2 protein chains.
Amino acid sequence: MKTVPRISETEWEIMRVIWATHPITAAEIIAKLMEEDATWHPKTARTLLARLVRKKVLDCERKGRAYVYAPRVSERECVGMASESFLDRVFGGSLVPMLAHFVEERRLTRKDLEELRELLEESYKGSGPRRK
Amino acid sequence: MKTVPRISETEWEIMRVIWATHPITAAEIIAKLMEEDATWHPKTARTLLARLVRKKVLDCERKGRAYVYAPRVSERECVGMASESFLDRVFGGSLVPMLAHFVEERRLTRKDLEELRELLEESYKGSGPRRK
DNA sequence: TGGCTTGGCTTACAAATGTAAGCTGCGATA
DNA sequence: TATCGCAGCTTACATTTGTAAGCCAAGCCA
């Protein structure tokens, strides 16, 4: 069971861009980051990219005069780890209170509620007696 | 709008103990921590406590020869901040995908599903047309 | 063709975090 | 009463994280 290296808060912003689109060059990544938040500094982003490569979270390959980056770990996997860790840390691992918090805290649209209801239906059907 | 100082991963473990029971002495805190995870080192816990006091997240007051600790920030508040930050970081702020992740990923018991369904009902009633 | 720009490589540096270890009294114990 | 063991105070120290700044080479623009 390989463990995904820890991805820091700022690194997540970069990873999200790369998971969304790859392979992708540093310049493109930086452009996308700055669209969201103009305070991103290119040098900073490049440092973070290098770190992610060093951590083996990203792959980089020369492409002409620049590098293109691609993820080496799946988003699914990382989301899983981060979610697990968050759940444990903040809610002591109890799922229902956590979900309750979000449902109560945030005003959900009717549409959101519909979607969630459907999800639950699905899950309900799936939850047979053979649950570990 | 006062901002709660950032609480680190290990600090959360301590805070959860204190929110659950306070005022409480360092020795009691350490005992509780070690119940859960025997690898906790008393010296480490004390260092963390001192940091939390310095950060003004905890209050400490002399009580005889020892200190008793109490929270200065509400759990609710901290849970809110941490949840917000997690949601943004890992799911780009989109609530429904996040909830979907948890519902899909973890096998929920029928009972859990019932509870959630009820929560949704509640929320549904509350969500009127005047949603900002 | 001579800068200006941009990409990449190297280096910097403070703050936060995890993880303790020493030293110094006070109170309980032998 | 001499001693041990905690409680707290002070200090340590390697990593990780956030945030860049220098320097050098290859293109690109004028």
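What you see below is based on every heavy atom in this structure, not just the backbone, and it leaves out hydrogens, waters and symmetry mates. First the proteins, then the strands, lettered A, B, ... as listed; each starts at 1. These figures come from a predicted structure and were not determined experimentally.
- With hydrogens and angles disregarded, a donor-acceptor distance shorter than 3.5 Å links the side chain of R16(B) to the backbone of V90(A).
- Residues M98(A) and H101(A) are not in side-chain contact: their nearest non-hydrogen atoms beyond the backbone lie 4.5 Å or more apart.
- Here Y67(B) reaches the OP1 or OP2 of dC9(D): one of its side-chain N or O atoms lies under 4.0 Å away.
- Under a 3.5 Å cut-off, the side chain of S85(A) and the backbone N or O of M81(A) do not form any donor-acceptor pair.
- Within the 4.0 Å cut-off from OP1 or OP2 of dT17(C), at least one side-chain nitrogen or oxygen of R6(B) is found.
- Note on T10(B): every side-chain N or O is 4.0 Å or more away from OP1 and OP2 of dT17(C).
- Sorted by first then second residue, the side-chain hydrogen bond (donor to acceptor under 3.5 Å, both in side chains) pairs that include residues 30-39 of chain B, not counting sequence neighbours, are D37(B)-T39(B).
- Between the P atom of dG7(C) and the NZ atom of K63(A) lies a distance of 15 Å, rounded to the nearest Å.
- Remark: P of dT16(D) and CD1 of I7(A) are 14 Å apart, rounded to the nearest angstrom.
- The CD1 atom of I30(A) sits 11 Å away from the P atom of dT6(C) (whole-angstrom rounding).
- The backbone N or O of R6(B) lies less than 3.5 Å from a partner atom in the side chain of K55(B), making a donor-acceptor pair.
- I14(B) places its CD1 atom 10 Å from the P atom of dG18(C), with the value rounded to the nearest Å.
- Atom-to-atom, CZ of R65(A) to P of dC24(D) comes out at 17 Å; the value is rounded to the nearest Å.
- Contact annotation: T25(A) does not reach the phosphate of dG7(C) (side-chain N/O to OP1 or OP2, under 4.0 Å).
- If you take CZ of R62(A) and P of dG7(C), they are 12 Å apart, rounded to a whole angstrom.
- In the region residues 32-58 of chain B, proximity to DNA chain D at under 4.0 angstrom, judged on heavy atoms, holds for K43(B), R46(B).
- With hydrogens and angles ignored, the 3.5 Å screen pairs a side-chain donor or acceptor of W19(B) with a backbone N or O of V73(B).
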